[in-house]
Amino acid sequence: MNTMNKIASAVALLCAAGTTMADDIDINPSWYIQPSVNAMKPDSNFGVDKNGWGGGLRFGKPVSDVWDVQFGTTYARSKDADQRYQQNTLGVDGLYMFSRKSVRPFVLVGAGMQRDRADNNLLHASGNSAYVNAGLGIQADLSDQWSVQADLRTVHGFLRGDDFGFKHPNNHYLTVGLNYAFDKKPTPAPARVVEPEPAPVVQAAPQPPAPVPAPPPQRFEKITLSATELFAFDSAKLTEGQPKLDEIATALNSAPEVGNVVVTGYSDRIGSSKYNVKLSEHRAQTVKAYLVSKGVAEGRLSAVGKGEANPVATCTDKKKPALIKCLAPNRRVEIEQISIERKVQ
């Protein structure tokens with residue numbers, strides 16, 4: 001078995017194993033760049049039957065729970081003494097991911113344009129044509145922003161004219177690339193801190209109740225906190241120093257009779273709806289966990305994420321920095337049904 005077949009078998013085994021490796025993780029929605037190196041097995045009809053080498057550059061992005069799209073260019077050249085053949089491609093691929101775990105097998109299909117050039121005893125020609133390709137591969141995470149990708153594909157061309165003497169050549173490529181995501185993966189909510197149940201209290205013999213004045217009626221109020229004050233943009237990790245959350249925790253600890261406190265996270269409309277719902281839920285869970293860490297019983301709190309629902313600001317800005325700034329009021333966390341005697345400033 002030659003080297004190309006050995007590597008292809010290893011890729012296939014990794015794809016089969018990928019569904020059992022690693023724990024589920026959230027998808028990183030960021031664009032990524034992929035420089036790569038490749039090995040090419042050229043079609044023998046090009047006059048050179050020796051393996052060649054080359055490189056490429058692609059850009060990619062997850063566009064759904066199961067699809068990535070990648071586009072870019074590759075170059076490979078095969079040389080045997082004075083016999084030469086080279087191929088350039090420019091196209092786009094769709095990668096169907098079998099999982100979104102840290103190790104992700106996939107199949108790919110794509111299309112584009114290729115340029116072939118042969119200079120050997122059999123051919124002296126060059127030309128452009130359309131191509132389609134298909135293959136399989138695997139991605140594996142190295143960190144929040146780095147991953148490695150390997151794939152094996154067949155490039156099927158549609159050369160026309162008499163220069164090459166045939167119209168449907170097939171080249172085989174093994175490609176290994178390093179992906180760098182431009183943004184980090186959203187930080188998951190911190191682990192919950194579970195409060196122990198209070199010990200039962202032994203009641204003394206009942207005494208005649210003393211007359212007490214009627215308690216003031218309960219007053220419920222909603223507190224809205226700007227996400228800009230709590231988190232960095234597109235992050236669910238609290239920034240250092242949270243005096244407002246500390247004040248809310250103090251108020252709740254001084255009024256233990258207040259329950260059913262709802263922490264609701266909202267996001268702006270930038271990004272996909274599904275991603276925004278996840279981000280807003282992570283933020284709500286982070287605020288809840290912070291209050292619990294300050295002594296508030298977890299059973300008194302619940303956290304929900306509503307994504308881009310119920311916006312308080314409507315913006316039409318075209319440039320992204322201005323749009324992000326305009327939509328800041330929509331990125332918020334609301335805490336409702338707190339029965340306290342004063343409003344948190």
Side-chain angles (χ1 to χ4, degrees), residues 23-33 59-63 100 102 141-147 179-193 222-249 262-294 296 301-336 344-345:
D23 296 326
D24 284 326
I25 57 174
D26 290 334
I27 180 176
N28 187 343
S30 170
W31 280 95
Y32 56 86
I33 187 171
F59 293 88
K61 189 181 192 304
V63 294
R100 284 297 182 181
S102 60
D141 283 342
L142 303 177
S143 69
D144 283 346
Q145 291 180 272
W146 290 95
S147 61
N179 298 344
Y180 175 75
F182 293 111
D183 298 318
K184 288 187 176 182
K185 199 174 302 176
T187 305
R192 298 178 180 178
V193 179
K222 178 172 70 176
I223 297 172
T224 300
L225 302 173
S226 169
T228 305
E229 299 176 24
L230 300 174
F231 310 99
F233 181 73
D234 199 30
S235 172
K237 182 178 180 180
L238 285 171
T239 56
E240 294 293 330
Q242 292 295 333
K244 289 189 177 181
L245 291 181
D246 292 341
E247 188 175 0
I248 292 171
V262 181
V263 181
T264 306
Y266 292 92
S267 70
D268 59 25
R269 59 181 171 82
I270 299 174
S272 69
S273 177
K274 185 174 182 180
Y275 174 74
N276 287 336
V277 170
K278 285 186 177 180
L279 178 61
S280 62
E281 183 178 1
H282 286 168
R283 286 178 167 179
Q285 290 286 359
T286 299
V287 171
K288 175 185 173 182
Y290 185 91
L291 295 176
V292 170
S293 72
K294 295 298 182 178
V296 181
L301 305 171
S302 61
V304 295
K306 295 188 177 181
E308 57 196 71
N310 305 327
V312 297
T314 302
C315 304
T316 59
D317 303 79
K318 300 298 182 182
K319 294 185 177 180
K320 190 171 182 180
L323 182 61
I324 291 173
K325 182 177 181 181
C326 179
L327 292 174
N330 294 343
R331 301 189 295 272
R332 64 195 190 277
V333 175
E334 295 181 352
I335 304 177
E336 299 180 272
V344 176
Q345 299 299 318

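- Checked by atom type and distance alone, the side chain of Arg283 pairs as donor or acceptor with a backbone atom of Ser235 at under 3.5 Å.
- Contact check for Phe231 versus Thr239: no side-chain heavy atoms found under the 4.5 Å cut-off.
- Residues Arg332 and Asn310 form a side-chain contact, since some pair of their non-hydrogen atoms from C-beta on lies under 4.5 Å apart.
- Proximity of a side-chain donor or acceptor of Ser267 to a complementary backbone N or O of Arg331 within less than 3.5 Å is not detected.
- The line from NZ of Lys61 to CD1 of Ile33 is 15.5 Å long, rounded to the nearest 0.5 Å.
- Ring to ring, Trp31 and Phe59 are not that close: their centroids are 6.0 angstrom or more apart.
- A salt bridge does not link Asp144 to Lys184: none of the charged nitrogens lies less than 4.0 Å from a carboxylate oxygen.
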Exercise. Carefully, step by step, assess Leu323 and Thr316 under the rule side-chain contact (heavy atoms from CB on, under 4.5 Å).
Key: CA-CA 7 Å; Leu323 182 61; Thr316 59; over 6 Å; no
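- Judged purely by atom type and a 3.5 angstrom limit, Asp141 has no side-chain atom pairing as donor or acceptor with the backbone of Ser143.
- Closest approach of Ala236 and Thr286 over heavy atoms only: O-OG1, 3.0 Å.
- Closest approach of Asn276 to Arg269, counting heavy atoms only: ND2-C, 3.8 Å.
- Residues Pro29 and Tyr275 form a side-chain contact, since some pair of their non-hydrogen atoms from C-beta on lies under 4.5 Å apart.
- In this structure, a donor-acceptor pair under 3.5 Å is present between the side chains of Tyr290 and Asp246.
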